[in-house]
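Presented below is the structure to which this report refers.
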Amino acid sequence: MRLFRILFAFDAIGLLVLAYFFVEGLQYGAGGDYMGTWAPILLLPMVGLAGAWGLRANGRAGAANALLAVLAAPFVLYLLFIGLFVVLEPDMR
């Protein structure tokens, strides 16, 4: 139960970050190509979150946790990448 909530919250925050970048990009008068590019980027995590919610509601908590863990992997890897820059402080001259 706790793992599901943690993974769900982490994935929801990641989806909110993606939605923020999508909305910021709309300010620049993006055309159809922009929407075509962002549609799968936004829809896949949304469908994954909805699917995990449905699995959990049907009593399949293990499958829901596995789905959320797969969705969380890119966000975790990105945070580790940013963390490397914070810790190593590369010289960018």
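Taking hydrophobic clusters as Ile, Leu, Val, Met, Phe, Trp and Tyr residues chained together by side-chain heavy-atom distances below 4.5 Å, L16 does not share a cluster with L44. Taking hydrophobic clusters as Ile, Leu, Val, Met, Phe, Trp and Tyr residues chained together by side-chain heavy-atom distances below 4.5 Å, L77 does not share a cluster with L84. There is a path of hydrophobic side-chain contacts, each under 4.5 Å, that joins W53 to L15. Cluster membership check: L79 does not share its hydrophobic cluster with V87, using side-chain heavy-atom separations under 4.5 Å among Ile, Leu, Val, Met, Phe, Trp and Tyr. There is a path of hydrophobic side-chain contacts, each under 4.5 Å, that joins V23 to V17.
With a 4.5 Å cut-off on side-chain heavy atoms, L26 and Y34 count as touching. A heavy-atom distance below 4.5 Å is found between the side chains of L7 and L3. Using a 4.5 Å cut-off on side-chain heavy atoms (C-beta onward), F10 and R5 make no contact. Under the 4.5 Å side-chain criterion, counting only non-hydrogen atoms from C-beta, D11 is not in contact with P45.
A distance of 11.5 Å separates CG in L43 from CG in L18, rounded to the nearest 0.5 Å. Atom CZ in F75 sits 14.0 Å away from atom CG in L80 (nearest 0.5 Å). A distance of 8.5 Å separates CG of L55 from CZ of F4, quoted to the nearest 0.5 Å.
Between A64 and R56, the shortest heavy-atom distance links the atoms CB-N, 4.0 Å. The shortest non-hydrogen separation linking L68 to L49 is CD2-CD2, 3.7 Å.
Aromatic ring centres of W38 and F21: separated by at least 6.0 Å.
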